[in-house]
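Here is the structure we will look at, set down as structure tokens.
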2 protein chains.
Amino acid sequence: MERGRGALGPALELVHTGRAPTRAVLTSELGVTRATAGAVAAELEALGLITVDSRPTASAGSQGRPSHRLFVNENGPVVLAAQIHADGYRVALVGLGGRIVATTSGCGTIPADPALVLTEAVAAGSELLRETGRRCLGAGLAVPSAVAEPDGEALNPLHLAWPSGAPVRALFLQALADAGIPGVTEAIGFTGNDVNLMALAEHRHGAGRGARDLLCVASGHRGVGGALVLDGRLHSGSSGLALEVGHLTVNPEGAPCHCGSRGCLDVEADPLAFLVAAGREPGPEVSLLRQAADLLRDDYADPGVRAAADLLVDRLGLGIAGLVNILNPDRIILGGLHRSLLEADPERLRAVVADRSLWGRSGGVPILPCSLDYNSLVGAAELAWQPVLDDPLVVLGR
Amino acid sequence: MERGRGALGPALELVHTGRAPTRAVLTSELGVTRATAGAVAAELEALGLITVDSRPTASAGSQGRPSHRLFVNENGPVVLAAQIHADGYRVALVGLGGRIVATTSGCGTIPADPALVLTEAVAAGSELLRETGRRCLGAGLAVPSAVAEPDGEALNPLHLAWPSGAPVRALFLQALADAGIPGVTEAIGFTGNDVNLMALAEHRHGAGRGARDLLCVASGHRGVGGALVLDGRLHSGSSGLALEVGHLTVNPEGAPCHCGSRGCLDVEADPLAFLVAAGREPGPEVSLLRQAADLLRDDYADPGVRAAADLLVDRLGLGIAGLVNILNPDRIILGGLHRSLLEADPERLRAVVADRSLWGRSGGVPILPCSLDYNSLVGAAELAWQPVLDDPLVVLGR
DNA sequence: GTATTTTGTTTAGCGTCGGCACAAAGTCAG
DNA sequence: CTGACTTTGTGCCGACGCTAAACAAAATAC
């Protein structure tokens, strides 16, 4: 009777990631008949998830009847996304397609009790929901530390004063329940490492679109994080602890690292390492990343700054080459300081990686800067959207 | 009308990997009704892939009607598997369940022209098919080098005299066609790195059963290879070149490696490194792996041998810990020399890995020796079986 | 203005699976 | 030994979700 149930999720994902601008494309991408694609689109429209623009399209394409264009519903439901970072938090309502509908933030030192900031962030999100009157289908949280599965505990949150092992997912869920976010169940409310979520967002909506095996490396405040998307799914390892790339050795005579080794990427290629190499005294007033990025932008002509950048690029390249040998991704995206380093001198990094990875062919892997604002936040939203993308009917109730 | 088409592949895979001993288990594992599970089993039996033992089972289980037992059909179709190694080749016919039905081998120096040995191996396999009268559904090849996708070229086959970039898959397919293997199309005939295929075999039929993210590390003749199975599928990277783990740095003051760095796992933890560390002169008459394994087995009490073993275990542990940090597998399997080292002193390696991996939790990852004979050969067969496991009807024709 | 191409919709039909009832084959209790 | 209970296997029917095919619509091409 009702057509197009099984293909509902895949179809929504295509529209969500911008790969299905029309019903005709939907037909070929899903490998179904036009009848089914039409029914699927109608069902998604009835669910309020997408909109169909059936006006005569001005875009003169080729022959034949022009397609109606499919859009994500700009006034449709949203998810609540929150990100905790060294200087505060940011909250957003994110619609399908990674569209940020509303956002707000709070800054200041993160208290040692994670429940406090999570409650505050969720309250801010709840206020956004009230203001916008949007329906909320889930929530996602990004934290700047590893998140251990299956319990969602933050491990070693070095930049925050949180205790290691803090059960952030449980606390986040509790905060959502306390704030009375409608429809909150244990099934929604997902938590992940910020670099992992950056990778997810860039893969779906940014510079990683279309990549099969996408590797991301980023450095925010201290340390270096990595993430891997395989076949469209985040690979976070059996306990959620994969891609701890910070402890690859990139400088055998380097500084000692808290992990017991020396010359780890973590201490050799983060913003602090850059500032020290450039001979600058890091100040406490603004984040290390901001200081490093400003320096790169404003004083790149300074020989000392240039030399420090080259040094970090060489170290970073060594680490990335090691990852290329192990993971063989087809695209690499850099965030945070590493994005700035890449943009300052794209060729040097590519040359180092090509030189140190085993096969010239792999050395040719594209290395790109990340392309989304607030990518960790959008990634947290992706986590929350995932159940809807898997099966809209389960979440929205037939 | 005919029930159980969509679930045919998954059901066969369950029987194939020994996870569905009865129709009742099939029912729960597939998440279908008993009716569907029964129809699926009947269909697979009609296709000649499995057999059903409907005799009253002697195994007094619990209450209720005893299940009929499901077996892989011992007289069913096979695939042709071939392995090229430093000292010759081995060919086998492999049935479902990883059962080796017949095998033969040839030894001697591998000629510089890969086509020669491949033709000889395929001819030997063809002879096995003639002798046994089995139907052949595909063929797989294992080679001791990286295999670049999508063309199936052997890259840097160090232990063989082959030119780098030799198109082994194309040559293998040509040899199969020349030998008149029935039913050979470009869709069958798969080629892979031997350690990758070992991982696949161990995951399906050996010590890796049930693991979600399985990491394998092995050292055969020279160098160290790695492989990763994620969610039951081999991860070989976007160009088939993943898991080149040999160039992880494990000894900053170590020997120079052809990759340009020094102290790589490749030169610090292979059979030659062990023999040298133990003060033995490697002889040319038998493979380095055999010499090293014999030494470990017979002279482990010798302090020099013991010290060399401990040294290699420490280096290997460092390399594995790095991989654990990056990949976070839930099981690790060692082959070749590393298997012997593990069996000689299991606790030392586990302690090193736990000590150097970032999280104690991940440090507790089980490290096991491989458990199958001819695991690369069985893995090559798995590659050939894969289309059948994906959809038996496509291969066998409805 | 007519033919052609491509897209969207309607209707009919069919294949696959779930639900259910029933049969079969064992254990358990007396 | 007999009857109640539990679990497994199978046949029948209906519902769901898809394809196929015909038709209608909206553009371009000649």
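As a basis for the values below, the full set of heavy atoms in this structure was taken, side chains included, without hydrogen atoms, waters or symmetry mates. Here the structure is a predicted model, which is why all the values come from computation and not from measurement.
- When distances run from any side-chain atom of A/Arg34 to the nucleotides D/dT8, D/dA22, C/dG18, the shortest one goes to D/dA22.
- A straight line from CZ of A/Arg5 to P of C/dG15 spans 22 Å, rounded to a whole angstrom.
- Below the 3.5 angstrom threshold, one finds no donor paired with an acceptor across the side chain of B/Arg65 and the base of D/dT7.
- Mapping A/Ala7 and B/Val25 onto DNA chain D via the closest heavy atom, the residue that lands nearer the 5' end is B/Val25.
- Among D/dT28, C/dC17, D/dA27, the nucleotide with an atom closest to any side-chain atom of A/Gln63 is D/dT28.
- Taking atom CG of B/Leu26 as the reference point, atom P of D/dT7 lies 19 Å away to the nearest angstrom.
- Residues B/His235 and A/His235 place their aromatic rings such that the two centres sit no closer than 6.0 Å.
- Going from atom CD of A/Glu29 over to atom P of C/dT7 covers 13 Å, rounded to whole Å.
- Just one residue in the list A/Asn73, A/Val72, A/Val40 forms a side chain to side chain contact (heavy atoms under 4.5 Å, CB included) with A/Val15, and that residue is A/Val72.
- Atom CG in B/Leu393 sits about 13 Å away from atom C1' in C/dG15, given to the nearest Å.
- Between A/Thr36 and D/dT19 there is a side-chain N or O to OP1 or OP2 distance below 4.0 Å.
- Rounding to whole angstrom units, CG of residue A/Leu8 and P of D/dC16 are separated by 16 Å.
- A/Asp53 has its CG atom 15 Å from the C1' atom of C/dT7, to the nearest Å.
- Residue-environment remark: CD (A/Glu74) stays at or below the threshold of 12 foreign heavy atoms within 6.0 Å.
- Counting non-hydrogen atoms under 4.0 angstrom, A/Ala35 reaches a base of the nucleic acid.
- Counting to the nearest Å, the C1' atom of D/dC16 and the CD atom of A/Glu43 are 13 Å from each other.
- Taking 3.5 Å as the limit, the base of D/dG9 and the side chain of B/Arg23 contain no donor-acceptor pair of atoms between them.
- Taking the side chain as every heavy atom from C-beta outward, B/Thr103 and B/Val94 never approach each other to under 4.5 Å.
- When rounded to the nearest whole Å, the span between CD of A/Glu45 and C1' of C/dT9 equals 14 Å.
- The existence of a salt bridge linking A/Asp231 and A/Arg212 is confirmed by a sub-4.0 Å separation between a basic side-chain nitrogen and an acidic carboxylate oxygen.
- For A/Pro66, counting side-chain heavy atoms from C-beta on, the closest listed nucleotide (D/dG9, D/dC18, D/dA26) is D/dA26.
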